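Below, read A as the first sequence line, B as the second, and so on, with proteins coming before strands; counting in each chain starts at 1. These numbers come from the heavy atoms of this one structure, side chains and all, not from hydrogens, waters or symmetry mates. Bear in mind the structure is a predicted one, so any value in this text is a computation, not a measurement.
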Protein chains: 2
Amino acid sequence: MATLAPKLSFKEQMHQARERAILQTACDLLGAKSFDAMTMDDVAGGVGIAKASLYKHFGSKEELCCAAMVEVLHLVNDFITTLEPTLPPVTKLRAVVRWSLERQMAGEIPLLPSHNSSLRAVLMSNQDYAGSVERLSDTLGAWIVEAQAEGVLDPELPPLVVLYTLYARACDTVAGLLLESGLYQREDIIELVLRTCFDGLRSR
Amino acid sequence: MATLAPKLSFKEQMHQARERAILQTACDLLGAKSFDAMTMDDVAGGVGIAKASLYKHFGSKEELCCAAMVEVLHLVNDFITTLEPTLPPVTKLRAVVRWSLERQMAGEIPLLPSHNSSLRAVLMSNQDYAGSVERLSDTLGAWIVEAQAEGVLDPELPPLVVLYTLYARACDTVAGLLLESGLYQREDIIELVLRTCFDGLRSR
DNA sequence: GTCTATATGACGATAGAC
DNA sequence: GTCTATCGTCATATAGAC
């Protein structure tokens, strides 16, 4: 396994470190602006290397941004494996949305690109990305069905509607706007957003 | 008043008609792609005029897109005035979200630009836009407070959180994604989205 | 005001020295 | 592999004829 590779030359370590720095910078930038607005000069400047050097690591802007998005999906899939499997499914669903909200409030790249982003078309034809999305959707979908069977989530809602609603809340900008307003603390905002998502706006 | 202006020369009528066509095309394009991805060539091609002619009507791309967004805000503010004032506030709130969802599913420009759009910065410094947003927010905010006082909306949620949540649902992409899936009819999708927004995902 | 043609600049990507 | 310098392309915006 790769994690057991005993020796990595200094050169290779530097190479990987640079690549991680590039990906991290791209993540930050994509959290702040759209794919179209982000430039390779931005990335190069952020990392502190020449633009031409970027192209030694990633063949194109699309390739770099794909890699960044795939990285995020791997992170969330990793996070999911750390969740205690015996937890109630709705608790696990909340945890995933919370994870995404925390990431987003930290200014990092959202889980999914917005619908009208130019990046979407590129991502959808990327096998690694599509596979990760499918894996994530399958996991969340199973939890949704479980939670509905338990009667915890509304069984009358189609699971696909629930899934998309969770994605939307995990990526929407309410949390960021509330943070900007300066009226609430991070933790309060996360609780409020989770509450409006699961319990709705109406009184009980 | 302008609506009573008795005579409008043929030239002026043509001018206004072209301007409306330009705005409509910009609306459609901004519904389909981001501000950055939309080009003035797209707009000119859509309207069927030369690009240079656009600049006789609008001084810049930013100005055109601002005008398009302001147009939408005027439309929603107009829609609001058609609502029977004696209706319960929560009914009026639902109606506004429904109006926005219908617009969005028709492929038209959303009510508000996404957080990380380059357009946002431009809009925020546009007085006409900012004024319309403020007017809209004041109206919706008053209804929210009323509905909370009646106990129909959860009084423990800060009104600002409710407002942003409504904005997010009015602009999010769940409706569009569900429409793309082909599994549901427009009217069903709207009902489902309104339901998850107001009633949440949890069983009652 | 509308058009064709063009000036100007930004950005993705590459060439070639080190 | 990294850099500087540059190419090719495309988009905003304008010039100038009609």
Take Asp172(B) and Arg169(B), measure what side-chain contact (heavy atoms from CB on, under 4.5 Å) needs, and give me the verdict at the end.
CA-CA 5 Å; Asp172(B) 78 22; Arg169(B) 293 323 292 258; 2.8 Å; yes
Whole angstroms only, please: what is the [atom1]-[atom2] distance between [X] and [N]?
X	N	atom1	atom2	answer
Phe58(B)	dT12(D)	CZ	P	15 Å
Met38(A)	dC11(C)	CE	C1'	12 Å
Lys33(A)	dA10(C)	NZ	P	14 Å
Met14(A)	dT2(D)	CE	C1'	12 Å
Leu54(A)	dG1(D)	CG	C1'	12 Å
Leu64(A)	dC11(C)	CG	C1'	15 Å
Tyr55(A)	dG16(C)	OH	C1'	18 Å
Phe35(B)	dT12(D)	CZ	C1'	11 Å

Measuring from atom CE of Met38(A) to atom NZ of Lys61(A), what distance do you get when rounded to the nearest 0.5 angstrom?
5.5 Å
Looking only at side-chain atoms of [X], point me to the closest of [options].
X	options	value
Ala50(B)	dC3(C), dG1(C), dT4(D)	dC3(C)
Lys51(B)	dC3(D), dG12(C), dA13(D)	dA13(D)
Ser60(A)	dA13(C), dT14(C), dG12(C)	dA13(C)
Ala52(A)	dA15(C), dG12(C), dT2(D)	dA15(C)
Lys11(B)	dG1(C), dG12(C), dT12(D)	dG1(C)

OP1 or OP2 of dA11(D) less than 4.0 angstrom from a side-chain nitrogen or oxygen of Thr39(B), does that happen here?
no
dC3(C) phosphate, OP1 or OP2, under 4.0 Å from Ser53(B) side-chain N/O
yes
For a quick check of understanding: with a heavy-atom distance under 4.0 Å over all strands, which category does Lys61(B) fall into, base, sugar-phosphate or nothing?
sugar-phosphate
If you count every heavy atom of other residues, nucleotides or ligands that lies below 6.0 Å from Met124(B) atom CE, does the total exceed 12?
yes
Glu71(B) side-chain N/O to Arg20(B) backbone N/O, donor-acceptor pair under 3.5 Å
no
Yes or no on side-chain hydrogen bond (donor to acceptor under 3.5 Å, both in side chains) for Tyr55(B) and Ser60(B), after CA distance, side-chain angles and deciding distance?
CA-CA 7 Å; Tyr55(B) 287 89; Ser60(B) 69; over 6 Å; no
With nearest nucleotides of DNA chain C determined for Asp36(A) and Lys56(A) from heavy-atom distances, which residue corresponds to the more 5′ nucleotide?
Asp36(A)
